[in-house]
Q: 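Attaching a single structure in structure tokens format; questions to follow.
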Amino acid sequence: MLRKIFNFFSRKNSKQTVSKKLETNKEIEEDWTDENSQFQKRFRESQARIPSNMIDDTNDYLGMASEAKYKAIEALENKQFDLAWKIEHERIMHYTNHALKNGYTTNETLGLLATIYSSLSSILQAEEKHTLSLAFYLYSVQCNGFVNEGVQASIRRICRKGKLKHFDSNIEEFLNKHVASEKEKHADLSFCQSEVVRWESEAPFYSDDVQEMMKHYKSTSGYLSLVNGVSKNIEKSLIENNVETIELLIAVEAEELINIKGIGKVALQKINNSLEFMRN
């Protein structure tokens, strides 16, 4: 389900990349010393954005951010999650100061910060806070403003480890509506968090553990097929005999089950084996 949207964004970004390269080449051909060149125009615009208190700042914020990055990696490897979290937020401060010092636009600043929010997502994933990890990762995607194969792999990994496969359609809609090049209009961490919480509250219970699923949906109609040995035809026959839930199926004696259409000795044995843990 997600693949189509990822492919769409990948194609879209490929075209944008080619277009940007052509624009860049045109700028290179210009005389950058010319006061009317695009380079000089953008330079003046960036200088105008620099706060007065940052004009004479000589701090190497990128160097500070680089040092913080390796400290955060070391803390994460040692499972010092709170320390890693603190250091990554220091890195946010360093990158923000670098952006201010160089007159970055909001879009450029968000693009710079995207990698840190991806790292924060990794910390949350290591703590097994998978739903929150997904929210932070989606925010990092918003900060980047595009979706590529790396994003595709990361979202799949988070969903696989957190058993969030049932979020697929929600993620597809989110990427369609809330990821764009105009990042300052879309990037919103609180929104990402609230959306993921909403998806979780609205989603049906899901687990890769079939026994957990059987316990959860024991008294709910429509889940007989979770029981090993219950094919679609057998499920239909059970419903026709007013056995609509796993709970009711447990109560049916083997002598009665064998008389239900579609249930032979092999299917009966599979059903009994599958339900045995719920009878104890």
Side-chain angles (χ1 to χ4, degrees), residues 1-30 32 37-51 61-62 65 88 91-92 94-122 133-159 167-196 198-199:
M1 192 177 293
L2 287 175
R3 189 177 296 277
K4 290 181 180 179
I5 187 67
F6 288 135
N7 289 339
F8 168 76
F9 274 101
S10 296
R11 289 194 297 272
K12 179 180 177 182
N13 286 310
S14 295
K15 292 177 181 177
Q16 289 177 346
T17 301
V18 172
S19 176
K20 287 178 181 177
K21 283 181 179 178
L22 290 173
E23 290 176 8
T24 303
N25 288 337
K26 286 179 181 179
E27 290 174 19
I28 291 172
E29 291 172 3
E30 290 183 326
W32 66 271
S37 68
Q38 285 296 316
F39 176 85
Q40 289 291 338
K41 179 182 177 183
R42 290 182 181 178
F43 177 74
R44 287 193 296 272
E45 288 173 352
S46 68
Q47 293 298 296
R49 285 191 292 266
I50 300 174
Y61 291 112
L62 285 184
E88 287 294 1
R91 195 151 70 105
I92 289 175
H94 295 322
Y95 271 154
T96 301
N97 283 333
H98 175 77
L100 287 170
K101 179 182 173 182
N102 290 276
Y104 281 20
T105 64
T106 302
N107 267 2
E108 289 168 341
T109 303
L110 287 170
L112 187 63
L113 295 175
T115 183
I116 304 178
Y117 283 97
S118 178
S119 296
L120 289 171
S121 172
S122 296
S133 171
L134 178 62
F136 269 74
Y137 189 76
L138 290 177
Y139 178 65
S140 78
V141 175
Q142 284 190 317
C143 289
N144 260 327
F146 64 89
V147 180
N148 59 19
E149 291 180 3
V151 167
Q152 173 184 1
S154 295
I155 290 178
R156 285 179 176 169
R157 183 177 65 254
I158 294 170
C159 289
F167 283 7
D168 277 7
S169 59
N170 300 100
I171 294 171
E172 180 177 346
E173 183 179 358
F174 179 92
L175 295 174
N176 263 321
K177 290 185 176 180
H178 307 295
V179 178
S181 58
E182 295 179 342
K183 293 173 276 190
E184 72 274 14
K185 294 182 181 179
H186 293 80
D188 186 334
L189 179 57
S190 296
F191 175 73
C192 294
Q193 291 175 300
S194 63
E195 281 295 277
V196 173
R198 180 176 66 82
W199 301 344

Q: Quick check: closest heavy atoms across Gly103 and Ile50, and the distance to 0.1 Å?
A: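 Of all heavy-atom pairs spanning Gly103 and Ile50, the closest is N-CG1, 3.6 Å.
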Q: Evaluate Ile171 against Trp199 for side chain to side chain contact (heavy atoms under 4.5 Å, CB included), listing each step before the verdict.
A: CA-CA 9 Å; Ile171 294 171; Trp199 301 344; 3.8 Å; yes
Q: If a pair satisfies side-chain hydrogen bond (donor to acceptor under 3.5 Å, both in side chains) and one of its residues is in residues 111-121, list it, with sequence neighbours excluded.
A: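 For residues 111-121, and leaving out neighbouring residues, the side-chain hydrogen bond (donor to acceptor under 3.5 Å, both in side chains) pairs sorted by first residue read Arg91-Ser119, Ser121-Ser133.
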Q: Is it the case that atom CD in Glu173 sees more than 12 heavy atoms from other parts of the structure closer than 6.0 Å?
A: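 No, the 6.0 Å shell around CD holds no more than 12 heavy atoms from other groups.
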Q: For Lys101 and His98, what are the C-alpha separation, side-chain angles and deciding distance, and is it a side chain to side chain contact (heavy atoms under 4.5 Å, CB included)?
A: CA-CA 5 Å; Lys101 179 182 173 182; His98 175 77; 5.5 Å; no
Q: Which heavy-atom pair separates Glu184 from Thr106 by the least distance, and what is that distance?
A: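 That would be CB-CG2, 3.5 Å.
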Q: Please check if the side chain of Asn107 supplies one atom and the backbone of Lys183 the other of a donor-acceptor pair under 3.5 Å.
A: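 Answer holds: yes.
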Q: Between Glu108 (side chain only) and Thr105 (backbone N and O only), is there a donor and an acceptor less than 3.5 Å apart?
A: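 The answer is yes, because a donor-acceptor pair under 3.5 Å joins these two groups.
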Q: Minimum heavy-atom separation for Ile92 and Leu113, please, with both atom names.
A: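 Here Ile92 and Leu113 meet closest at O-CD2, 3.9 Å.
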Q: Enter the distance from Phe191:CZ to Arg198:CZ here, rounded to the nearest 0.5 Å.
A: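 Going from CZ on Phe191 over to CZ on Arg198, the span is 7.5 Å.
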Q: Using side-chain heavy atoms (C-beta onward) and a distance below 4.5 Å, is Val196 in contact with Phe174?
A: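 Of all side-chain heavy-atom pairs linking Phe174 with Val196, none is under 4.5 Å.
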Q: For Arg157, what residues pass the salt bridge (charged side-chain N to carboxylate O under 4.0 Å, His left out) criterion, not counting sequence neighbours?
A: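 Applying salt bridge (charged side-chain N to carboxylate O under 4.0 Å, His left out) to Arg157 gives none.
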Q: Got a list of side-chain donor-acceptor pairs under 3.5 Å for residues 134-146, not counting sequence neighbours?
A:
{"from": "Tyr137", "atom 1": "OH", "to": "Ser154", "atom 2": "OG", "distance (Å)": "3.4"}
{"from": "Ser140", "atom 1": "OG", "to": "Tyr137", "atom 2": "O", "distance (Å)": "2.6"}
{"from": "Gln142", "atom 1": "OE1", "to": "Asp188", "atom 2": "N", "distance (Å)": "3.0"}
{"from": "Gln142", "atom 1": "NE2", "to": "His178", "atom 2": "O", "distance (Å)": "2.9"}
{"from": "Gln142", "atom 1": "NE2", "to": "His186", "atom 2": "O", "distance (Å)": "2.9"}

